[in-house]
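Presented below is the structure to which this report refers.
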Amino acid sequence: MPYDIIKSLLFFVSIAIIGVFIFQNQGYLGQPVELAFLPYRYSMALGFWLVLSFLLGALVWFALDLKKAYRLKSDLNRKDRRLTEMNDEIAELTGRIASLTGEIHALKNPRSAPDPL
């Protein structure tokens, strides 16, 4: 599944980029950074903002991937039920073929057929 490989690769690349950023900005990670959104203002250390933004990104990625995961699971369950039905049908047809083969053999060789009482 190329999608899973790409997803894992992007995850590790993003971890590496964050690691390089943290390594290069070690002195600045403890400084407070203010984030403003409409009337709300929040002030936290830069390191906390980095961790928080990464976790929110992972959560969004997980939420977007959830729909696909449930769709694939339902497809798998549907195909599994269909496979079970087809195996039951194969077993039934095999039994019918065996009984018909026995009847054909009895008709071809009347001497080998069991005597009716």
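All values derive from a computational prediction rather than experimental measurement.
- In the hydrophobic clustering, Ile97 connects to no other residue, as no ILVMFWY side-chain heavy atoms lie under 4.5 Å from its own.
- Members clustered with Leu100: none, using a 4.5 Å side-chain heavy-atom cutoff among hydrophobic residues.
- Applying the side chain to side chain donor-acceptor pair (under 3.5 Å) test to every pair with at least one member in residues 69-82, sequence neighbours left out, gives these pairs: Asp75-Arg78.
- Here Phe11 pairs with Ile15, Phe54 under the side chain to side chain contact (heavy atoms under 4.5 Å, CB included) rule; sequence neighbours left out.
- Residue pairs meeting the salt bridge (Lys or Arg N to Asp or Glu O under 4.0 Å) criterion with at least one partner in residues 40-56, sequence neighbours excluded, are Glu34-Arg41.
- Annotation for Val60: hydrophobic cluster partners, listed by chain and number, are Leu64 (ILVMFWY side-chain heavy atoms under 4.5 Å, direct or chained).
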Only pairs under 3.5 Å count here: list side-chain donor-acceptor contacts from residues 87-96, not counting sequence neighbours, and write none if there are none.
unit_1	atom_1	unit_2	atom_2	d
Asn87	ND2	Leu83	O	3.4
Thr94	OG1	Ile90	O	2.7

